[in-house]
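Scroll down for the structure; my scribbles are underneath it.
Nothing here was measured: the structure is a model prediction, and the numbers come from that model. Order of the sequence lines sets the chain letters (A, B, ...), proteins ahead of strands, with each chain counted from 1.
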There are 2 protein chains.
Amino acid sequence: MGRRSLLLLLLLLAFLTPGAATPVPPALRALSSLHLSTSFRSRPAVAMKYSIHYIQQKVDHFGFHTDKTFKQRYLIADKHWKEDGGSILFYTGNEGDIIWFCNNTGFMWDVAEELKAMLVFAEHRYYGESLPFGANSFKDSRHLNFLTTEQALADFATLIKYLKRTIPGARNQPVIALGGSYGGMLAAWFRMKYPHLVVGALASSAPIWQFENMVPCGVFMKIVTTDFRKSGPNCSESIRRSWDAISRLTEKGTGLHWLSEALHLCTPLTESQDVQRLKDWISETWVNLAMVDYPYESNFLQPLPAWPIKVVCQYLKNPNVSDTWLLQNIFQALNVYYNYSGQARCLNISETATSSLGALGWSYQTCTEMVMPFCSNGIDDMFEPHSWNFKEFSDDCFKQWGVKPRPSWIPTMYGGKNISSHTNIIFSNGEIDPWSGGGVTKDITDTLLAIVIPEGAHHLDLRANNAFDPVTVLLARSLEVRHMKQWIKDFYASLRKMH
Amino acid sequence: MGRRSLLLLLLLLAFLTPGAATPVPPALRALSSLHLSTSFRSRPAVAMKYSIHYIQQKVDHFGFHTDKTFKQRYLIADKHWKEDGGSILFYTGNEGDIIWFCNNTGFMWDVAEELKAMLVFAEHRYYGESLPFGANSFKDSRHLNFLTTEQALADFATLIKYLKRTIPGARNQPVIALGGSYGGMLAAWFRMKYPHLVVGALASSAPIWQFENMVPCGVFMKIVTTDFRKSGPNCSESIRRSWDAISRLTEKGTGLHWLSEALHLCTPLTESQDVQRLKDWISETWVNLAMVDYPYESNFLQPLPAWPIKVVCQYLKNPNVSDTWLLQNIFQALNVYYNYSGQARCLNISETATSSLGALGWSYQTCTEMVMPFCSNGIDDMFEPHSWNFKEFSDDCFKQWGVKPRPSWIPTMYGGKNISSHTNIIFSNGEIDPWSGGGVTKDITDTLLAIVIPEGAHHLDLRANNAFDPVTVLLARSLEVRHMKQWIKDFYASLRKMH
């Protein structure tokens, strides 16, 4: 798997959401007899009505040379909000358009009434409409200089203080941070760094340990492989063998042409370096599928059937076939992802995911703070071996952005594995989500809790209630609500104590 | 009191250290029967031997446009350090030369053996030798842009990680942050923001609440006044009356000349605006005296007798005298501060304190993040009325530095009064220290403790053991050591649990 796809893979960190069913995870065991609040069972979809707002934020919270400001966008939905005993659920926006997150975080809408909550969705700077320098925001490293997690958290802090100051009745209300994926990391870090502003955080599918020296770099691809291995006989083995098959086919004079035809590519492969691009694109497709392996039909990155990997694996039952046959099977498998609708005329190897992704910004972030080592070895996983080469990565970053990544900064800033002195953070992870490999999947203390959702993919718990939701995600959501209620209760108790 | 003196007053935040005796403060009450460790009683002065080191630090921890580094200075004293069961006491340097702080923080030297501690003194960027741009560091707001508390804390974090990585035996040792005054604020904030790096903090005389809307702006001058009122009959009243006396005298044609002679000024007053400068200088002198009101002879800002305010007040017993007589008495009083040695030929109204102060850097800091409102009203205090005018302050800052202060930032960043979710911080304050008005003087939780030292001035507890130390400061230090030992013990206990 090439470097490009490792980078692109990171792009997907946030946007995906999946689900699963059956066994009861560690943190849920105590809940096995818990009565599920009926509000979680098959409720009609909640109408998502919000108002759009803007706040002037300092471009640089941490320096005074520039006093420039920009407009940060945020959304508010207060239909169920109560001044008396209510709460504020604050989505710590990640790398993309905030409306997209708002629409894909049904959990917040589903619990709003029960928590008498105002919903706030804050857009992350440099994404969506919240561009510090407008069209010039990605021009060069000087303009990108203010795209950091610290600045983003400072925006959130400033926004919360502003809302409390300006919305009558909001001042003495508890705020809870919520986020998924990179947004989940931000939610957790926000609670760690600004515990005076949020009483707790729900960090869903947040790989806060997918950094230097914290988890093995191969864990991510290993989980992807496990997903395929478990979804059909010989499925991962077929994929593992496909790489050499591609190599052998393309060594022949007519191989590129044949492959272009067999895979119905929009743009034919012409050069030998196209072969690596092709492999990267296929790898990414499998990775994407692992992240969006939902239990129900969905239309997230692409329109997909329920449990799409199972569908894919139906075409990959036999690894012991000729190279051409194997690649024709691979095409059928890819077609599940790229052409479930049956509308696609050809497959485009330049694209794997939704264009809603803030690709530029996230690429810069991975080249500066968010340095996540990935690797594969072809043994524990079904991908071609690819070691993590920081030097190469760093050189590429410098070429692309004129900056050098600082892999040790995030651990220094946010504590790495040593976070036990913090409180009131729920880390939820789906076990089939490859990002769970870098997540917190065991309780750290009584108030730093891990919730594991077996067969759950990327932050399924943050998605709207669905009739096909596995029981474990209902349990997870119920547990999450229970903790949030406790945080809210504790907040009001300490408020009463003060007065 | 003029704006200049309010600014200058801030300059003194760090450098002062004082003491006092008798009653038992709230936090010490439980300790009334405590056995004082004999190590605190009259021990010969500890020799302060340290080695000087430098670490390359990023000029900007929070941006990647510049990858520039600079040399941060730090000192290490490891005479008493033990690899087995030892600890690291880390002084979070404030606004000045770190050697100066090292030499004036005898407490750390006194407890090193008992805690088997390595002592580390880290210099604050933009002070001493730790200049990010050398001689150009203060050139303009572009060069000063990286002088913030956040960058300073990031330097400390990076240094601690570096020491743990490079000093054999240091990796698995608990680090405790210590600091006085602004350094105490940094110690407390460091524990709040980087609890994974320090197990606790001793924040001595740290006015973390001397910010917008947290304490009345007049509290500082009120405490100064109380110090004078209690140190001699009619003392504060004499000073209160002196301002109008000066005004009346200088309204006359020969007044400026007469005053210049009477006060033995090096440079005669010539213009009417010199009158305000004179008043500011006198005000500052009283403020300085309140901070250095030590129980023993000392030579800190100036060579001074024990309990200097008492000595000063001997000259200010009678407020009901003529203007000229009152001003002659004021001269005698000022002379205690400026000429205890008897060597001064004249008094220089351009100076009030030691030149070791990092005046430029601190002035910039008060004009950016460290915006501390001060005021006086002439009723609750002995000074001329002076309201806190943020607009005027901000305009002056812009004139001087080209930057605008952001008074709400520090409360947003560090939590203001809402810090109860943090742990393991001791806030110690001397009751006669005017900075105690902005400090934490009541326990917040079981692990956020306040220690109040009656009659103690500015971070007396951090000074070396002295035969004239009041009992309460001995109790305070003993309590501090007891807590530090507990933090160290807890650290090792959790370390053992992990292995």
Side-chain angles (χ1 to χ4, degrees), chain A residues 58 60-67 140-151 153-154 157-158 160-162 165 191-200 364-365 367-369 397-398 401-406 408-409 411-424 494 498, chain B residues 58 60-67 140-151 153-154 157-158 160-162 165 191-200 364-365 367-369 397-398 401-406 408-409 411-424 494 498:
Chain A
K58 298 284 180 198
D60 189 3
H61 291 285
F62 303 102
F64 292 74
H65 176 54
T66 174
D67 209 37
D140 51 35
S141 68
R142 193 165 61 84
H143 289 84
L144 279 158
N145 193 49
F146 310 99
L147 172 49
T148 63
T149 58
E150 292 86 352
Q151 300 277 8
L153 297 184
T158 304
I160 288 175
K161 298 261 286 188
Y162 171 78
R165 201 169 60 241
R191 168 65 187 169
M192 293 180 196
K193 296 294 185 183
Y194 296 84
H196 50 289
L197 296 179
V198 287
V199 296
Y364 173 85
Q365 286 195 262
C367 274
T368 47
E369 287 186 312
C397 285
F398 193 74
W401 296 109
V403 295
K404 288 181 186 161
R406 299 176 191 164
S408 64
W409 175 242
T412 299
M413 185 67 186
Y414 298 113
K417 292 221 158 183
N418 183 5
I419 56 174
S420 61
S421 68
H422 301 288
T423 57
N424 292 4
S494 73
M498 278 164 59
Chain B
K58 299 283 180 201
D60 188 4
H61 292 284
F62 302 101
F64 291 74
H65 176 57
T66 174
D67 209 37
D140 51 35
S141 69
R142 192 164 63 82
H143 289 85
L144 278 158
N145 193 48
F146 310 99
L147 173 50
T148 64
T149 57
E150 292 86 353
Q151 300 276 9
L153 296 183
T158 304
I160 287 175
K161 297 263 284 188
Y162 171 79
R165 201 166 62 240
R191 168 65 187 169
M192 293 181 196
K193 295 293 185 184
Y194 297 83
H196 50 290
L197 296 179
V198 287
V199 297
Y364 174 84
Q365 287 194 260
C367 275
T368 48
E369 288 185 313
C397 286
F398 193 75
W401 296 109
V403 295
K404 287 182 187 160
R406 300 178 190 162
S408 65
W409 176 242
T412 299
M413 185 68 185
Y414 298 112
K417 292 222 156 180
N418 182 4
I419 56 174
S420 61
S421 68
H422 301 289
T423 56
N424 292 4
S494 73
M498 278 166 57

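B/Thr149 does not touch chain A: none of its heavy atoms, backbone or side chain, sits under 4.5 Å away. Heavy atoms of B/Thr368 lying under 4.5 Å from chain A belong to its backbone as well as its side chain. Only the side chain of B/Lys58 comes within contact range of chain A, judged by heavy atoms closer than 4.5 Å. Both the backbone and the side chain of A/Thr158 come within contact range of chain B, with heavy atoms under 4.5 Å apart. Neither the backbone nor the side chain of B/Arg165 comes within contact range of chain A; no heavy atom of the residue lies under 4.5 Å from a heavy atom of that chain. Using a 4.5 Å cut-off between heavy atoms, B/Lys161 touches chain A through its side chain atoms alone. For a residue to count as touching a neighbouring chain, one of its non-hydrogen atoms must lie under 4.5 Å from one of that chain's; by this rule B/His61 touches chain A with backbone and side chain alike. B/Phe146 does not touch chain A: none of its heavy atoms, backbone or side chain, sits under 4.5 Å away. Heavy atoms of B/Asp60 lying under 4.5 Å from chain A belong to its backbone as well as its side chain.
A/His196 places no side-chain N or O within donor-acceptor distance of the main-chain N or O of B/Ser421, the cut-off being under 3.5 Å.
The candidate from A/Lys404, A/Lys193, A/Arg406, A/Met413 with the greatest count of non-hydrogen atom pairs under 4.5 Å with chain B is A/Arg406.
The structure places OG1 of A/Thr66 at 13.0 Å from CZ of B/Arg142, a figure rounded to the nearest 0.5 Å. Rounded to the nearest 0.5 Å, atoms OG1 (B/Thr412) and CD1 (A/Ile160) are 10.5 Å apart.
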Full working for side chain to side chain contact (heavy atoms under 4.5 Å, CB included) between A/Asn145 and B/Phe62: CA-CA 8 Å; A/Asn145 193 49; B/Phe62 302 101; over 6 Å; no
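Nearest heavy-atom pair across A/Phe64 and B/Thr148 is CE1-CG2, 4.5 Å.
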